[in-house]
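Note on naming: letters A, B, ... go to the chains in the order of the sequence lines (proteins, then strands), and numbering restarts at 1 for each one.
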Number of protein chains: 2
Amino acid sequence: MISRKSKYALRALLALAQAPDNTPLLIGDIAEREAIPRLFLEQILLDLKRNGLVVSRRGKSGGYLLLRRAETITFGEVLRLIDGPLAPLPCLSKMAYRRCADCTSEQACLIRKVFAEVAESTRAILDTATLADALAGRAPLTGADLA
Amino acid sequence: MISRKSKYALRALLALAQAPDNTPLLIGDIAEREAIPRLFLEQILLDLKRNGLVVSRRGKSGGYLLLRRAETITFGEVLRLIDGPLAPLPCLSKMAYRRCADCTSEQACLIRKVFAEVAESTRAILDTATLADALAGRAPLTGADLA
DNA sequence: CTTAATGTTGATCAAATTAGTCGTGTTTAG
DNA sequence: CTAAACACGACTAATTTGATCAACATTAAG
């Protein structure tokens, strides 16, 4: 399960991606439209801003704008930012590898091989699916693409 | 990330699957061999027993045995048992569907389609990979199998 | 230059989940 | 009988999740 926070982040980004160019959206409007607790959304948008996905304008007629094009923002990037590594085991994360504390040999680890397949296939999907894809309703990848 | 508990459960089951037929393994031996906290492992094995994956014998010369054949126990089954639904969103779980509280229309949900792909592909792997596969070091599924 | 609308920040909090631990059983082979 | 095993419910500590709050900084419009 992904966290609620990631889900909110993705929905907020999709809302921004749909806004007319250079029209900032208000936190409050996004919160209402997407049914996200307003104060929580503030935090999330700040995270996204610190990571260069969005920009904000302060003061009257301020709000949030998508900084990068919707075609360049993947689900994987957003999820890693909010939830941390996608991999099912720490020793399978490419971006944030950590040795499993209790594992004597990664080579010999019997469960690792199975989860490596899972990690590869979810990466293939999530690092390919962009906000633009989601807006277009396009299926991100079919099994055939993974071959 | 899967929970430590699930990882322990899988490793314990693999240990049992490797034991000579009708030789019960002691909790303590599994715990030591797999570097699992002993008291925690007791709990986990009880869960597995209640769900019919293993049996135990009490008293002197007791211990645990695999109840079903290693070919019939999938990673997916074990993970669902311990961690709950595999699906990344509650509304995508086949075994434990729950409506997303904040979602107005599942049809229109833009993030759902992407995660539906993820759900399908991880199910394809985890519901296919058995303990026997893991012992054989066999790769569970390649991308090509998903097409 | 005032003011109202907006985002900013760090702290704090409650609930749930995770990862264990403990004590006191009960069962059974020898 | 008894030592070696599993059984089981309650308990606890640490972490993560999902927020909420108060006080503040910036800006456009009038």
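Other residues, nucleotides and ligands contribute over 12 non-hydrogen atoms within 6.0 Å of the CD atom of B:E71.
Of the listed nucleotides (D:dC6, D:dA19, C:dT6), D:dA19 has the atom at the smallest distance from the side chain of A:Y8. Distances from the side chain of A:R58 to the nucleotides D:dT26, D:dG18, D:dA28 place D:dT26 closest.
For A:N51, the side chain to side chain contact (heavy atoms under 4.5 Å, CB included) criterion is met by A:L81, not counting sequence neighbours.
The CZ atom of B:R57 sits 18 Å away from the P atom of D:dA4 (whole-angstrom rounding). Atom CG of A:D83 and atom C1' of C:dT17 are 15 Å apart (whole Å). Taking atom CG on B:L65 and atom C1' on D:dC6, their separation rounds to 13 Å, with Å as the unit. We find that NZ of A:K5 is positioned 10 Å from C1' of D:dA19, with the value rounded to whole Å. Distance CD1 (A:I27) to C1' (D:dA19): 15 Å, rounded to an integer number of Å. Atoms CG (B:D29) and P (D:dA4) sit 14 Å apart, rounded to a whole Å. Distance, A:K60 NZ to D:dA28 C1': 7 Å, rounded to whole Å. Rounded to a whole Å, the CD1 atom of A:I2 is 14 Å from the C1' atom of D:dG18.
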Task: Audit row: B:R11, A:D102, salt bridge (Lys or Arg N to Asp or Glu O under 4.0 Å) steps and yes/no - done: CA-CA 11 Å; B:R11 291 223 309 259; A:D102 50 358; 3.3 Å; yes
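Electrostatic pairing of B:D83 and B:K7 does not count as a salt bridge here, judged by no charged N lying under 4.0 Å from a carboxylate O. For A:E42 and A:R38, the salt-bridge test passes: some basic side-chain N is under 4.0 Å from an acidic carboxylate O.
Note on A:G63: only backbone sugar-phosphate atoms sit closer than 4.0 angstrom, heavy atoms only; bases stay farther off.
If you check residues 35-54 of chain A against DNA chain C, the residues with a heavy atom closer than 4.0 Å are A:R38, A:E42, A:L46, A:K49, listed by number.
Between A:S61 and C:dT6, a side-chain N or O to OP1/OP2 separation shorter than 4.0 Å is absent.
Two residues are said to be in side-chain contact when any heavy atoms from C-beta on lie closer than 4.5 Å; B:E120 and B:R123 meet this criterion.
Summary of the strand contacts: A:G59 and B:L26 both lie near DNA chain D, and taking for each the nucleotide with the nearest heavy atom, the more 5' one is attributed to B:L26.
Applying salt bridge (Lys or Arg N to Asp or Glu O under 4.0 Å) to B:E106 and the options B:R99, B:R112, B:R98 leaves one that passes, B:R112.
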